[in-house]
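Predicted model only: the values in this text are computed from it and were never measured. Each chain gets a letter, A, B and so on, in the order the sequences are listed, and its residues count up from 1.
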There are 2 protein chains.
Amino acid sequence: MSEKVTIYDIAEKLNITAATVSRALNNNPKIKESTRELVIKTAASMNYKQNKLALALKSGRSNNIGVIVPRIDSNFFASVIRGIEEELHPNGYQVIICQTHESKKRENENLYTLIDAQVDGILMSLTDVTSENDGAFQYVLQKNVPLVFFDRSKHIEGVSSVTINDFRGGYLTTKHLINEGCRHIAHFSGDQSLEIFKNRFLGYKQALLDHGIDFKEEYVIYTKSAVEAGKEAVDKLLQLETPPDAIFSASDFAALGAIQELKERNISIPKEFCVAGFSNEPFTKFMELSITSVDQSPLEMGKMAARVFLEQVDKTETIKIEKKVVLAPELHIRKSSSRSTF
Amino acid sequence: MSEKVTIYDIAEKLNITAATVSRALNNNPKIKESTRELVIKTAASMNYKQNKLALALKSGRSNNIGVIVPRIDSNFFASVIRGIEEELHPNGYQVIICQTHESKKRENENLYTLIDAQVDGILMSLTDVTSENDGAFQYVLQKNVPLVFFDRSKHIEGVSSVTINDFRGGYLTTKHLINEGCRHIAHFSGDQSLEIFKNRFLGYKQALLDHGIDFKEEYVIYTKSAVEAGKEAVDKLLQLETPPDAIFSASDFAALGAIQELKERNISIPKEFCVAGFSNEPFTKFMELSITSVDQSPLEMGKMAARVFLEQVDKTETIKIEKKVVLAPELHIRKSSSRSTF
DNA sequence: TATTTTCGTGTAATCGATTACATAATTATT
DNA sequence: AATAATTATGTAATCGATTACACGAAAATA
């Protein structure tokens, strides 16, 4: 370790006090111009670097923020993180990454660890496991650390959130499928204790209703967000008395599985069967049979979450802010559901 | 901010010293068992949490490590980071993420910022911009902070690295294309000042040589890692007097572009033309015409980089360790190059 | 019983920077 | 020139935890 240079070293060299050095370096107006210049020059020549840990201890602010996601290796979450990092970096914050792997236990652990590490804020997307226990969240709030949910959110007093309008996403997609002539539209959903899945489902339902199509319980299948799950779900659907002629999947991966399964059964897409997904994962665009999907503008979502945090971080402690930002979803219509256009 | 509980508060309550409290909580054997229990119980009841910043300042270790990548929203880097996080989390380290966006300037900024933030180590993948200036790296080394390169590496005294055998990856892929009957194999490369691209190229060249096929300079095209770039490159290649009958692309995205362009020209894949990529991005597997690609086991790479860091972090300061780990690449043969199998 | 060990705790310095308050040095005012 | 006002700097506490050293009390030994 190269000998660390502190303000005391600079002070000693110049026969002044550390306090003066500190003030000079912080542009305190009470310092004589000549002294300031001398200190700054000497600091530079001695290769002085401010010890951020000491500063953090003194000020109580670490300039770190924590980000908790189910996993980082999904395009959606990685893009959100990118947005967060890009917005926060210029403000001098470092981004600490934690993963939950959809485990509530790890979610709680991460929350406690981050608070212990004195982060200045936490931005997170919930696990898909339901839980009534808000203990860890209350702990965060009680420490007065700004907490912002993005995408996967739930209502907790004092917690802000940035989401997209999932209802609208579901509605638009379903409406589009109806416009393409589909009349028996199935839906792949996720755990509806998560608002995102609930709302996509409700949008789907409302669209059916508004267009005079009966909602059928049996058309709703709960799948994991995985290719295999999509295949199995199609298998189930095709055994119904009236099999559907379209699927609105709340997951791109399940949508892909569905398409693979349909192809294997020689069902022509989009002619006989339309499919649409959700998230606009890169592969949906790349496929030869490109997949219609709802874009969640993850980059924008990350930046927005970061901005909400920044707004809250310096506010007086007494005012509890609870901001709900809802971004507009964007339906990308592609081959898998385009009977007319392509 | 809920009043912070410190060891002094506990000490006061029990009419003992903070020193005793500290010792009790740290399982110092000099503490009487009854005292220890009392302290621990009281600490729990008062909801005491150790202040990590104070600890970090005292010990000089932040328990943070920095990870610098070109961008986080690529499956490869995200997966590496996942590996790093999973390996380091159980060891009590937090992972701080930085992006360079392929800018040398930002790379240097990030290095300085991380050092200033007292990270205990830095794991990184280089930008694709060449630079002779190692100043920032020297700064890191001089501070005796372990530095580990992964994937995109270059030789610097005292820096460890974890890479895959890119030469072998290039060799295996090219050999495979030859086995499928291709005799005019083109290569999409990246900036060869980066060892990864240099080595993939060399592997390609060697495979040609070993199988009695002439190497042609005109078959090597330098492309960005992007779909459009692949299309343009194919356009160029097909204008040659003897157009190639296969492409080994050092990028999956460029390979995808190539495939799209070839299809548009009604060139049949793999019958008339074979294509193989590199990185095993998720979409290569998902396509109907799935794309042959080299897997770099990013998860494993991340874990390995983390382990190399862990080995170095506690070593006596005088021994400079320089470990080079080379992982084996794995060729995933898929439809885009399988004349025989599928 | 007197003396040496051992054990358990307290005292105070330390990590590096910031800052309220005090004081010295300078300049302005009468 | 004497006093007031201003400016620049020093002193020392603080953030919260750790730890070398010191010391009193209890236990072991002579």
Side-chain angles (χ1 to χ4, degrees), chain A residues 1-40 42-43 46-64 92 115-120 143-144, chain B residues 1-40 42-43 46-64 92 115-120 143-144:
Chain A
M1 198 81 59
S2 71
E3 344 64 46
K4 289 182 187 164
V5 181
T6 74
I7 52 173
Y8 294 94
D9 300 324
I10 300 174
E12 193 176 7
K13 184 158 198 171
L14 296 177
N15 265 315
I16 54 178
T17 336
T20 305
V21 175
S22 172
R23 287 195 268 258
L25 294 173
N26 286 291
N27 288 317
N28 185 312
K30 305 218 136 199
I31 290 295
K32 211 200 306 178
E33 195 49 37
S34 62
T35 311
R36 182 197 321 288
E37 279 169 19
L38 185 62
V39 168
I40 290 177
T42 313
M46 294 177 75
N47 224 330
Y48 167 78
K49 291 277 173 179
Q50 189 191 44
N51 185 320
K52 293 281 160 65
L53 291 179
L55 180 59
L57 173 60
K58 189 70 174 67
S59 68
R61 316 181 73 223
S62 65
N63 280 298
N64 290 150
I115 292 296
D116 287 359
Q118 318 284 128
V119 293
D120 297 338
K143 294 277 176 190
N144 221 277
Chain B
M1 197 82 57
S2 73
E3 345 64 45
K4 288 182 190 164
V5 181
T6 72
I7 52 172
Y8 294 94
D9 300 324
I10 301 173
E12 193 176 8
K13 185 157 196 172
L14 296 177
N15 264 317
I16 53 177
T17 337
T20 305
V21 175
S22 172
R23 291 193 188 98
L25 294 173
N26 287 290
N27 287 317
N28 185 314
K30 305 219 137 197
I31 291 295
K32 211 201 305 179
E33 196 50 37
S34 62
T35 312
R36 182 197 320 288
E37 279 168 20
L38 184 62
V39 169
I40 290 176
T42 313
M46 293 178 77
N47 224 331
Y48 167 78
K49 291 277 172 178
Q50 188 192 45
N51 185 320
K52 294 281 161 64
L53 290 180
L55 181 59
L57 174 59
K58 190 71 172 69
S59 67
R61 316 182 72 222
S62 65
N63 281 298
N64 290 150
I115 292 295
D116 287 358
Q118 318 285 127
V119 294
D120 297 340
K143 294 276 178 192
N144 222 277

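- Using modelled atom types, no side-chain atom of B:Thr42 and backbone atom of B:Ile10 make a donor-acceptor pair closer than 3.5 Å.
- Within a 6.0 Å sphere centred on NZ of B:Lys13, heavy atoms belonging to other residues, nucleotides or ligands number 12 at most.
- Contact annotation for A:Thr17: base contact, defined as any heavy-atom pair under 4.0 Å involving a base atom.
- Here B:Leu55 lies in heavy-atom contact (under 4.0 Å) with sugar-phosphate atoms only.
- A donor-acceptor pair under 3.5 Å is absent between the side-chain atoms of A:Asn64 and the main chain of A:Val119, judged by distance alone.
- Contact annotation for B:Asn26: backbone-only contact, meaning every heavy-atom pair under 4.0 Å involves sugar-phosphate atoms and none involves a base.
- Taking CG of B:Leu14 as the start and OG1 of B:Thr35 as the end, the distance is 9.5 Å to the nearest 0.5 Å.
- Looking at heavy-atom distances under 4.0 Å, B:Lys49 makes contact with sugar-phosphate atoms alone, never a base.
- To the nearest 0.5 Å, atoms CG (A:Leu25) and CD (A:Gln50) are separated by 8.0 Å.
- When rounded to the nearest whole Å, the span between OH of B:Tyr8 and C1' of C:dG10 equals 13 Å.
- Between the CG atom of B:Asn63 and the CD atom of B:Gln118 there is a distance of 12.5 Å, given to the nearest 0.5 Å.
- Each of B:Lys32 and B:Ser59 was assigned the nucleotide of DNA chain C with the nearest heavy atom; the assignment lying further toward the 5' end belongs to B:Lys32.
- Atom-to-atom, NZ of A:Lys30 to P of C:dT23 comes out at 16 Å; the value is rounded to the nearest Å.
- In this structure, the side chain of B:Thr6 engages the main chain of B:Tyr8 through a donor-acceptor pair within 3.5 Å.
- Axis orientation changes by 60° from one end of the helix from C:dT1-D:dA30 to C:dT30-D:dA1 to the other, with each end axis drawn from 5 pairs and the value rounded to 10°.
- Within the nucleic acid shown, A:Thr20 comes within 4.0 Å of sugar-phosphate atoms alone, with no base atom in reach, counting heavy atoms only.
- One can place CD1 of B:Ile16 at 14 Å from P of C:dG8, the figure rounded to the nearest angstrom.
- Rounded to the nearest 0.5 Å, atoms CG (B:Asn26) and CZ (B:Arg36) are 10.0 Å apart.
- Backbone-only contact: B:Thr35 has heavy atoms under 4.0 Å from sugar-phosphate atoms and none from a base.
- On the nucleic acid side, DNA chain D contacts chain A at distances under 4.0 Å to non-hydrogen atoms, with the end points of that region at D:dA8 to D:dG16.
- For the pair B:Arg23 CZ and C:dT11 P, the interatomic distance rounds to 11 Å; values are reported in whole Å.
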Between B:Val39 and B:Ile16, does a side-chain contact (heavy atoms from CB on, under 4.5 Å) hold up when you go through it step by step?
CA-CA 10 Å; B:Val39 169; B:Ile16 53 177; 3.9 Å; yes

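- Projected onto DNA chain C by closest heavy-atom contact, B:Lys58 and B:Arg36 fall at different nucleotides, the more 5' of which corresponds to B:Arg36.
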